[in-house]
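What follows is a single structure, written as structure tokens, with notes after it.
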Protein chains: 2
Amino acid sequence: MSNIKVLIVEDEPIIAENIKALLQQVNYTVVGIAFTKNQALELLENTSPTIALLDINLGNNLHGIEIAEHINTHYNIPFLYLTSYSSKLILDKVKHTFPMGYIVKPFDESDLFTAIEIALSNYSSIKKNTVISLETINKNSDIQLTKKEFIILQEIYSGLSNHQIAEKHFVSTNTVKTHVQNIYSKLNVHNRADAIVAIRKILNS
Amino acid sequence: MSNIKVLIVEDEPIIAENIKALLQQVNYTVVGIAFTKNQALELLENTSPTIALLDINLGNNLHGIEIAEHINTHYNIPFLYLTSYSSKLILDKVKHTFPMGYIVKPFDESDLFTAIEIALSNYSSIKKNTVISLETINKNSDIQLTKKEFIILQEIYSGLSNHQIAEKHFVSTNTVKTHVQNIYSKLNVHNRADAIVAIRKILNS
DNA sequence: GGGTTTTTCATCCAAAAGGATGAATTTTAG
DNA sequence: CTAAAATTCATCCTTTTGGATGAAAAACCC
């Protein structure tokens, strides 16, 4: 029983079922097959996949890219593009969605497996560069930050001084200091640089 | 004329030449073909490739992995493994070398091209998490840090105080302060947190 | 609607960092 | 060998942080 949950977005039922079969051979769980964009969004929300495979038939169908953008803005999972052929043109068009890789059709079980394994492996390294999220912090560690603490932590992370934070958020420097101290206490650090390092570690965990 | 310089490490001359031809078709520059580990190390040093393709024939030949480790410790470029077949076993053995991907033989021009493009694209995202390198800093920006400044910058980046840095490197706190000030001046920042942010930006550029 | 948590703010003090300047010593490069 | 660059260290002073404690609003929850 694999704990890797794959979402397949592919409008060709035959191909989709084929992929599903291949994945199940290597013991992945296929949480669903989406034939349309709306189905994809629904399955993303309801099945919490570990990774998504998105079909892109460049030309009229740009749903894959839209779904990719939706994943980037709403979820924290990697995705791979399934594409019939690869060219500089395609790469340029979809690069900005930051896929973890491409799977060029036709592919066999091992191609699929390799691509997914690498994607998952690389993703845990990559995600650390993205904007820090409160959920990530609170879920990936035993600390529980409040909303304001998290906001201030982000400002610290981006290099602002207490005074700058105070101005930006229309509160007094004293208030900021209090929050900062509470944050330090929760993170078990004693200064800004260590707080940043602590966050880096959590994001990279 | 492509500015992407590829190093091929492959002990089978026929395959190597084939790869070279494929790469040149898609306008990459092949800076060299290494048939042995020593040749690979030499070419790495002398030709400054943008990316390396490493053959791994698991079994008796583990040179690919050793070269990968050498790249990880000495250079700042991504590499891909060329492998005859992929299996969970292989992946487990080489995963720790953090390849940017795998190319499973046999492959065609577009497989190769796709894999390299993705590797390069992802690498610029991933490298930011790795240890900061002096070369990266000095080449990716107009600042020029000295060795000691770079060492101290790393300590700042990892959250040490001036006092801790002084103890660790057997110099006085005053010396550290001087270096820190020179670093700030070069980075055009005025405190630790901003220095860390500045480095983050350079690494992500 | 009453208790809990969060957010707000203050004061006092200590420690650390930041800034300016000057200077001796060591390393490096031509 | 010698000039330039890098590393080392010091002193003086200012600003920012960090730490402790107390406390009043505001928001939230059941």
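Reminder, nothing fancy here: chain letters follow the sequence lines and each chain counts from 1. Because the structure is a prediction, the values reported are computed rather than measured.
Regarding I183(B), its CD1 atom lies at a distance of 14 Å from the C1' atom of dT8(D), rounded to whole Å. Rounded to an integer number of Å, the gap from NZ of K148(B) to P of dA6(D) is 13 Å. In this structure, the CG atom of L160(B) is 15 Å from the C1' atom of dA17(C), given to the nearest Å. N188(B) has its CG atom 15 Å from the C1' atom of dG18(C), to the nearest Å. Nucleotide dT6(C) holds its C1' atom 13 Å from the CG atom of L145(A), rounded to whole Å. Per the geometry, NE2 belonging to H163(B) stands 14 Å off P belonging to dC9(D), to the nearest Å. One atom, CG of N162(A), and another, C1' of dA17(C), lie 13 Å apart when rounded to the nearest Å. If you measure from atom NE2 of H179(A) to atom C1' of dA25(D), you get 13 Å, rounded to the nearest angstrom.
Between dG19(D) and Y184(A), no contact under 4.0 Å exists linking OP1 or OP2 to a side-chain N or O. Contact check, S172(B) against dA10(D): a side-chain N or O comes under 4.0 Å of OP1 or OP2. Regarding contacts with the backbone of dG18(D), a side-chain N or O of R192(A) is found under 4.0 angstrom from either OP1 or OP2. Residue T146(A) places at least one side-chain N or O closer than 4.0 Å to OP1 or OP2 of dT7(C). Listed pair N174(A) / dA10(C) meets the phosphate criterion, a side-chain N or O lying under 4.0 Å from OP1 or OP2. Remark: H190(B) is in phosphate contact with dG19(C), judged by side-chain N or O atoms under 4.0 Å from OP1 or OP2.
Closest approach of P13(A) to F35(A), counting heavy atoms only: CA-CE2, 3.7 Å.
Base engagement by T178(A) is indicated by at least one non-hydrogen atom pair under 4.0 Å involving a base atom. S161(B) comes within 4.0 angstrom of the backbone, heavy atoms only, and of no base. T175(B) comes within contact range of at least one nucleobase, with a heavy-atom separation under 4.0 Å.
Residues V171(B) and K177(B) both approach DNA chain D. Their nearest nucleotides, taken by heavy-atom distance, put V171(B) toward the 5′ side. For F170(B) and N191(B), each mapped to the nucleotide of DNA chain D holding its nearest heavy atom, the one lying further toward the 5' end belongs to F170(B).
The base of dG19(D) sits with one of its N or O atoms less than 3.5 Å from a complementary donor or acceptor on the side chain of Q181(A).
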Might you work through the side chain to side chain contact (heavy atoms under 4.5 Å, CB included) test for I4(A) and T29(A), ending with a clear yes or no?
CA-CA 6 Å; I4(A) 295 172; T29(A) 303; over 6 Å; no
Report the C-alpha separation of I65(B) and Y81(B) in whole Å, then their side-chain angles, then the decisive distance to 0.1 Å, and conclude whether the side chain to side chain contact (heavy atoms under 4.5 Å, CB included) test is met.
CA-CA 9 Å; I65(B) 296 176; Y81(B) 281 126; 4.1 Å; yes
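Other residues, nucleotides and ligands contribute more than 12 heavy atoms inside 6.0 Å of the CD atom of Q164(B).
With hydrogens and angles left out, the side-chain atoms of S172(B) and T175(B) include a donor and acceptor closer than 3.5 Å.
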